[in-house]
Amino acid sequence: MKIAKDTVVQLHYSLYDDQGNLIESTQSTGGDPVAYLQGHQNMIPGFEKAVTGMEAGEQQSFTLEPKDAYGERKEGNEQRVPVKHLQGPNTSKKQKWRKGMVAWVETSQGTRQVTVVKVGRFMADVDTNHPLAGQALRFDVDIVNVRAATPEEIEHKHAHGVGGHQH
């Protein structure tokens, strides 16, 4: 089966920045492949376009320009938010936020990744550009499985099961 809209794709990937530095890899953790529902904005648009038509067992490398990945950086995209609204891997009250750290903030558009620019005792200035905005990104993908999505997955707009969303 080929990757198309309403298929569940299981894959391993490695992601590299425009300097060739490894950012993350599902293969380095030795874990299960990632699963997502194609055509429902579960992955960045350029990624879904690049893997369309691939089948289980295929491997491919491709580079996405910023417009097809996380967009161009927008200067002046800084906001001041209360420190208590910053979320991260250690969300306890003892979290020490520092310049350059990535946090998550709940907004009216959902959860957004932000980068801490400056932090005070109660307020933090954050850059709302995605941390990878403005970068060309290279993906090395290994398609493990492709299957038709269930009606429930299509209704929920995400893949269920191994590597996907667990209810």
Side-chain angles (χ1 to χ4, degrees), residues 8-52 61-142 153 155-160 162-167:
V8 172
V9 181
Q10 286 184 301
L11 59 85
H12 280 289
Y13 71 89
S14 295
L15 170 61
Y16 300 87
D17 67 15
D18 51 8
Q19 304 299 310
N21 300 308
L22 180 66
I23 296 171
E24 67 181 19
S25 175
T26 60
Q27 294 159 325
S28 66
T29 62
D32 292 321
V34 172
Y36 77 94
L37 179 60
Q38 175 80 357
H40 292 266
Q41 300 176 355
N42 292 175
M43 301 295 273
I44 54 179
F47 185 95
E48 288 197 9
K49 184 177 179 183
V51 300
T52 296
S61 292
F62 52 87
T63 299
L64 301 179
E65 293 303 315
K67 67 181 177 62
D68 297 319
Y70 291 99
E72 298 291 346
R73 287 194 54 77
K74 296 177 183 148
E75 296 307 316
N77 262 15
E78 291 184 10
Q79 290 185 346
R80 180 162 283 187
V81 299
V83 171
K84 67 181 181 182
H85 290 268
L86 299 177
Q87 300 173 29
N90 179 8
T91 56
S92 73
K93 294 188 187 263
K94 294 183 183 357
Q95 173 74 49
K96 297 288 186 195
W97 293 103
R98 291 183 299 281
K99 181 179 179 177
M101 293 178 80
V102 175
W104 292 268
V105 177
E106 292 295 328
T107 71
S108 59
Q109 291 89 28
T111 304
R112 301 268 318 252
Q113 275 189 317
V114 297
T115 304
V116 176
V117 175
K118 180 179 171 187
V119 64
R121 186 170 183 184
F122 301 108
M123 301 296 285
D125 293 340
V126 297
D127 181 347
T128 60
N129 284 296
H130 188 282
L132 298 176
Q135 293 188 47
L137 303 173
R138 188 184 95 222
F139 287 88
D140 294 344
V141 298
D142 179 6
E153 288 171 318
E155 180 183 340
H156 292 181
K157 298 186 184 323
H158 58 251
H160 295 164
V162 175
H165 187 77
Q166 307 295 328
H167 285 277

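Here, residue 1 is the first one in the sequence, and each next residue gets the next number.
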Subject >> Stepwise side-chain contact (heavy atoms from CB on, under 4.5 Å) check, K74 with N129 >> reply: CA-CA 7 Å; K74 296 177 183 148; N129 284 296; 3.8 Å; yes
Subject >> Nearest non-hydrogen partners of W97 and V119, listed with the distance >> reply: O-CG1, 3.2 Å
Original post:
Ignoring hydrogens and geometry, is there a side-chain-to-backbone donor-acceptor pair from R112 to T128 under 3.5 Å?
Top reply: yes
Original post:
Is any side-chain heavy atom of D68 less than 4.5 Å from a side-chain heavy atom of K49?
Top reply: no
Original post:
Do you see a donor-acceptor pair shorter than 3.5 Å between the side chains of Q113 and H130?
Top reply: yes
Subject >> Donor-acceptor pair, side chain of E48 and main chain of G39, under 3.5 angstrom >> reply: yes
Subject >> D125 side, atom CG; T115 side, atom OG1 - distance, nearest 0.5 Å >> reply: 12.5 Å
Subject >> Identified side-chain contact (heavy atoms from CB on, under 4.5 Å) counterpart of V126 within the set V117, N77, V114 >> reply: V114
**OP:** Measure across F139 and L64 and return the closest heavy-atom pair with its distance rounded to 0.1 Å.
**Re:** CE1-CD1, 3.7 Å
**OP:** Please indicate whether E78 has more than 12 foreign heavy atoms, meaning atoms of other residues, nucleotides or ligands, lying under 6.0 Å from its CD.
**Re:** yes
Original post:
Are any of the side-chain heavy atoms of P82 and M123 separated by less than 4.5 Å?
Top reply: yes
Original post:
What's the spacing between D142 CG and L11 CG if we round to 0.5 Å?
Top reply: 8.0 Å
Original post:
Of all heavy-atom pairs between A69 and P45, which one has the smallest distance, and what is that distance?
Top reply: O-CD, 4.5 Å
Original post:
If you round to the nearest 0.5 Å, how far is CG of D17 from CZ of R138?
Top reply: 9.5 Å
Original post:
For Q38 and V51, what are the C-alpha separation, side-chain angles and deciding distance, and is it a side-chain contact (heavy atoms from CB on, under 4.5 Å)?
Top reply: CA-CA 9 Å; Q38 175 80 357; V51 300; 4.0 Å; yes
Subject >> Which atom of Y16 lies closest to which atom of I23, heavy atoms considered >> reply: C-CD1, 3.9 Å
**OP:** Assess whether atom CD of E72 is packed by more than 12 heavy atoms of other residues, nucleotides or ligands within 6.0 Å.
**Re:** yes
Original post:
Quick one: CG on N42 to CZ on F47, what's the gap to the nearest 0.5 Å?
Top reply: 11.5 Å
Original post:
Could you state the interatomic distance from CZ (R73) to CG (D127), rounded to the nearest 0.5 Å?
Top reply: 4.5 Å
Subject >> V105 vs L86 side-chain heavy atoms within contact, under 4.5 Å >> reply: yes
Original post:
Rounded to the nearest 0.5 Å, how far apart are CD of E65 and CG of D18?
Top reply: 9.0 Å
Original post:
Do the side chains of R121 and V83 get nearer than 4.5 Å, heavy atoms only?
Top reply: no
